[in-house]
Each structure stands twice: as structure tokens, then as C-alpha cells.
There are 2 protein chains.
Amino acid sequence: MRRNDAGGDVVARIKDLILRTGLHPGDPMPTEARLVEELGVARSSVREAMRTLSSLDIVEVRHGHGTFVGRMSLAPLVDGLLFRARLNDGNDLRTLREVVQARIALDLSIGQRLVEAWRDEDLAPARAEVERMRAAHAAGRSFADADQAFHAAVLSKLGNELMMQLGDAFWQVHTSALPLLDVPPATDIRLTIEAHDAIVDALEAGDTTAYEKAVRAHYSPLDRNLTASE
Amino acid sequence: MRRNDAGGDVVARIKDLILRTGLHPGDPMPTEARLVEELGVARSSVREAMRTLSSLDIVEVRHGHGTFVGRMSLAPLVDGLLFRARLNDGNDLRTLREVVQARIALDLSIGQRLVEAWRDEDLAPARAEVERMRAAHAAGRSFADADQAFHAAVLSKLGNELMMQLGDAFWQVHTSALPLLDVPPATDIRLTIEAHDAIVDALEAGDTTAYEKAVRAHYSPLDRNLTASE
DNA sequence: CAAGATTTGTTCGTATGTATA
DNA sequence: CTATACATACGAACAAATCTT
């Protein structure tokens, strides 16, 4: 008797194959045809399994080229949270509020480590991103790119890949969900940009307390708006 | 001209359909046949799209019964992190270490709020889980269930669904990945159980400093082992 | 630039397993 | 037990993208 356990079996077997053959992110996977041979299942089943693995970013599929071991990013988390945020009907900003609170918690929780990690290190890259933000705002353009790069740069010194990806994931959900909802109008942008300056200043001075204060200032306008509409 | 954008299009259209028709978690989705009609694509395409949504826990499929709107849990995050941990070959405990550090950061970051949230609230449920841990350990059984329930109970008062799910997700990765790797032997279990008691004590006393100390004690044996093998 | 080979993407038809009434 | 509705699996054919010769 064949047991095709709801297809989840094929997913597990392909995962095992990746581990067993010692593949790393970026390496080419066997072709669909080869997997059909080796696993003894139909191509449709292999395709559905690959689809699952692809949506988890465990593999990356390139049409007409091939399939490769993925980077296992937190893209699925972003997808799920974004959809959750959109599912909250009308004025229910619960998911967005929770994501922002998570961002705050994350930034505050690493204050100590961050100050130590940046001691005697060059903060010029982070400072440069603040300048990019200022320039973009002055030119009337969006400064989302620079904002994202700034936070990534600050977190990079932690040496914790997961935390960095978490921070970026929350950033993505935050900035993507904000325009989709009936959210209060943006507050004074200059205050936001100055908050970024304050964060760099605090790290440069090695002052944990100042860092926490700057982080709270960075989020305070939005945080107030979100909790107010509770 | 037809646009079959790598099938990701179908996923987006099904997502939109959920939002447009105002479906909520648990509600039944249209059948595959109906989706084939409405979207004008083949059954296989619908199936692959549903497979993607299923692995993201946006829909839930029950064989022979139907598909329903899912609960959008963080299961995909757990899957991805677990695979990342298994992919680190040999003695590389990087992912596990990063997950544990994320747990610590999360627990520490909410100390203040947690103390306030538990003020004048009944901590008996959390205390009961500690007793279940103690009983299970005395009987030589695993106390994983009680441990998981304990941390969930503590976080529940936060009123932040996302943080609670994040904590649980990290817990799952932590406890599932630990046995898979060549990890140092378990330290004295009684100390771990006592750390849980100390957390409840701190919350009962409304003492943030004691809470942080208890959290560090809770993780310190493992944290030391993981960073030592760096 | 052109032709062909390789690989993934889409579709159809059919048969089978599973839960519900 | 039967009938119905539904999801699961398979295989074959053709379309589209990419790379190589």
C-alpha cells in the first residue's frame, strides 16, 4: 500500500534531501525531473511540494533556469503579518499596533548590547543614512529606503542575524501596513529624522539611557496615535 | 493577453477574495471547483496557490471536508527557523543561539509592562504550571508541556497577541532544536524550575529588577553553553 | 542573431481516498 | 450501506523563460 501522507511527506523528504546532500543557500537543487525519479512521485506532487518550500523561502525557483536552495528569510512572516493587518476590518489597528510595539520592545531590549557593540566603532554609515533621509525629505521624495537602511545598519553590529531580520521584518510590516489603513496623518517628519540623529548620538556617546530615550522619541508620535484609537 | 505571473497572481487574487468577501478565520472557503470558475484558472493552479496559502497558515485544508480560512499563526516562522537550525552543520549552533538570545531579549524587554499588567492579578495559573513541572520532573516525565504553558500564561496578560505568539514560536524552535544538535548535557533541572518560581515571585511582588534577575537565571546555564561553543 | 536544449509554468483528464448526510 | 461532495494524486501535453551553441 502506498502512503502519500497528504503530500507533506514529499516536503519532508525534499528537506531531508537538502540536509543529506549538504546543500547550502544558493546551491542548485536537482531538477523537477530528477526529483520525480528519485522520490518516485508525480511531477505535480513534486511541484506542489516545491511550492510549499518556495513560500517558506527554503528554495528559490527561477523560471526557465532552475531551482536553488533559498535564503530562509523571514519573508513568510512578513506576508502573514501583512495579511493579518489587512484582515483587521475598518478601524481595527490591532495587528499594526502590536507590530509597532514589538519594534519598540526589540529596539529597547538590545540597548545595552548595542552600546557595547558600537563602542569605538565607526558610526559614519548610520550617520550617512540619516543624511540621505534628510536630503530625500528636502527633495520631497520618500525616505523609506534610507530609513530601512539606517535601522539595518544600527542592528548589524549586534552579530545576531535573526534579530536583524526580525527588525527588518517588523519594519516592512510597519511601513507597508501604514498606508493601507485609515491611519492618522503623518506628524512632523523633521522630528522623526532628528530622533534618528539622537540614536546615533547616544551610541556615539555610549549612553544607554540616552539611547532608550531616543528610541521612545522615535516611536512616540505613532505609538500615541495607535494606542489612542484603541 | 493573459497574465499568469508565475502563479503568484492566483495567490494574490485568492487573498483579495478573502478580504473582499469579508471572511474570517474558521470560515469556509469556496471549493476548488468554484475558485476554478471565479478565477478562470486550472484546478492545478488553484491547488498550488492553496498549497502556498496553506503553508502560510492563511487557509487550512481538511481532506475530504473542505478548506477554511486559517488562523495565521507563526507556524511558518517556526518551520523556517527549525530548518535553518538543522542546516547549520556540525557544531555550528548559531541559529539556536540566536533564537535563545531573542527569547531573552523578548522576556527582558517586557519586564516593566508585565509587572504592571500582573499588578493585583491572580498568578495562580502560572504558579500551577510550575507545580506541574515539578511533579512531572519528580515522576521522571518531560515537563515541556507545563513549561510551554507557563510562559504562555505569563505573556498572556500583555494583551499583545503577536508577542505571545513570538514567544511561543521561539520556545518551540528552542525546545525542538535542542535535541537535534550535539548540545551540552542538561544542567540541574531543579535550578531551572526554581527560576520559574522566581519569575512568579517577582511579578507577585511587582519587582521589575527581581524579574529581570530571574529571567537571566532562567536562561543563564544554556546561554553560557551556547556562547561558550562559539 | 538564430536555433535548439533545458527547465519551470499551466492546463486537462482521470482515478482514488476521505468525510458527511 | 449508499450517495454525494470534496480533496489528493497521477500522467501527459503544451507554453514560456533562460541558457548554450
Side-chain angles (χ1 to χ4, degrees), chain A residues 1-18 21 23-72 75 79, chain B residues 1-18 21 23 25-71 75 79:
Chain A
M1 172 185 147
R2 299 280 296 277
R3 45 171 51 239
N4 291 328
D5 308 64
D9 190 35
V10 182
V11 172
R13 285 169 68 190
I14 295 180
K15 277 191 196 169
D16 286 344
L17 183 145
I18 295 176
T21 57
L23 295 177
H24 294 290
D27 291 347
M29 292 276 298
T31 67
E32 290 182 353
R34 267 200 96 73
L35 288 174
V36 168
E37 284 181 3
E38 293 193 19
L39 303 182
V41 293
R43 183 169 169 230
S44 321
S45 305
V46 170
R47 280 190 58 75
E48 285 198 3
M50 291 300 251
R51 182 87 176 211
T52 293
L53 294 170
S54 168
S55 66
L56 262 45
D57 203 12
I58 288 179
V59 306
E60 186 185 341
V61 183
R62 285 206 279 265
H63 188 172
H65 189 196
T67 308
F68 304 81
V69 179
R71 305 173 172 217
M72 282 149 282
D79 278 2
Chain B
M1 170 183 160
R2 297 281 296 279
R3 43 174 44 235
N4 290 327
D5 307 66
D9 190 35
V10 181
V11 171
R13 286 168 68 190
I14 295 180
K15 277 191 198 170
D16 286 343
L17 184 146
I18 294 176
T21 56
L23 294 177
D27 291 348
M29 292 279 296
T31 66
E32 286 186 356
R34 202 176 300 280
L35 287 174
V36 168
E37 284 180 6
E38 293 193 22
L39 304 182
V41 293
R43 189 179 255 88
S44 315
S45 303
V46 171
R47 280 186 56 73
E48 285 197 2
M50 290 301 247
R51 182 87 177 212
T52 291
L53 294 171
S54 169
S55 63
L56 260 44
D57 203 12
I58 287 180
V59 305
E60 183 184 344
V61 288
R62 286 205 281 268
H63 191 153
H65 188 197
T67 77
F68 304 80
V69 179
R71 301 195 282 172
D79 277 3

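Order of the sequence lines fixes the chain letters, A, B, ..., with proteins taken first and strands second; residue numbering starts at 1 for each chain.
Residues B:I58 and B:V11 fail the side-chain proximity criterion, which asks for heavy atoms closer than 4.5 Å. Inter-residue side-chain proximity for A:V41 and A:D9 is flagged as unmet; no heavy-atom pair is nearer than 4.5 Å.
Comparing D:dA16, C:dC12, D:dA7 by their closest approach to the side chain of B:T31 singles out D:dA7. Closest approach to the A:R47 side chain among C:dT8, C:dG17, D:dG11 is made by C:dT8 (side chain taken as heavy atoms from C-beta onward). Across C:dG9, C:dT10, C:dT11, the shortest atom-to-atom separation from the side chain of A:V61 is found for C:dG9. For A:E32, counting side-chain heavy atoms from C-beta on, the closest listed nucleotide (C:dG9, C:dT11, D:dC10) is C:dG9. Nearest nucleotide to the B:H63 side chain, out of C:dC12, C:dG9, C:dT18: C:dT18.
Both B:H65 and B:S44 sit near DNA chain C, but only B:S44 has its closest nucleotide nearer the 5' end. Both B:T67 and A:V36 sit near DNA chain D, but only B:T67 has its closest nucleotide nearer the 5' end.
Among the heavy atoms of the strands lying under 4.0 Å from A:R62 are primed sugar atoms or P, OP1, OP2 only; no base atom is included. B:S45 comes within contact range of the sugar-phosphate backbone alone, with a heavy-atom separation under 4.0 Å but no base atom that close.
A salt bridge links A:R34 and A:E38; the closest N-O separation between the charged side-chain nitrogens and carboxylate oxygens is under 4.0 Å.
As rounded to whole Å, 14 Å separates atom P of D:dA5 from atom CD of B:E37. In this entry the distance linking CZ of A:R51 with C1' of D:dA9 reads 18 Å, nearest Å.
Atom CZ of B:R43 is separated from atom CD of B:E32 by 6.5 Å, given to the nearest 0.5 angstrom.
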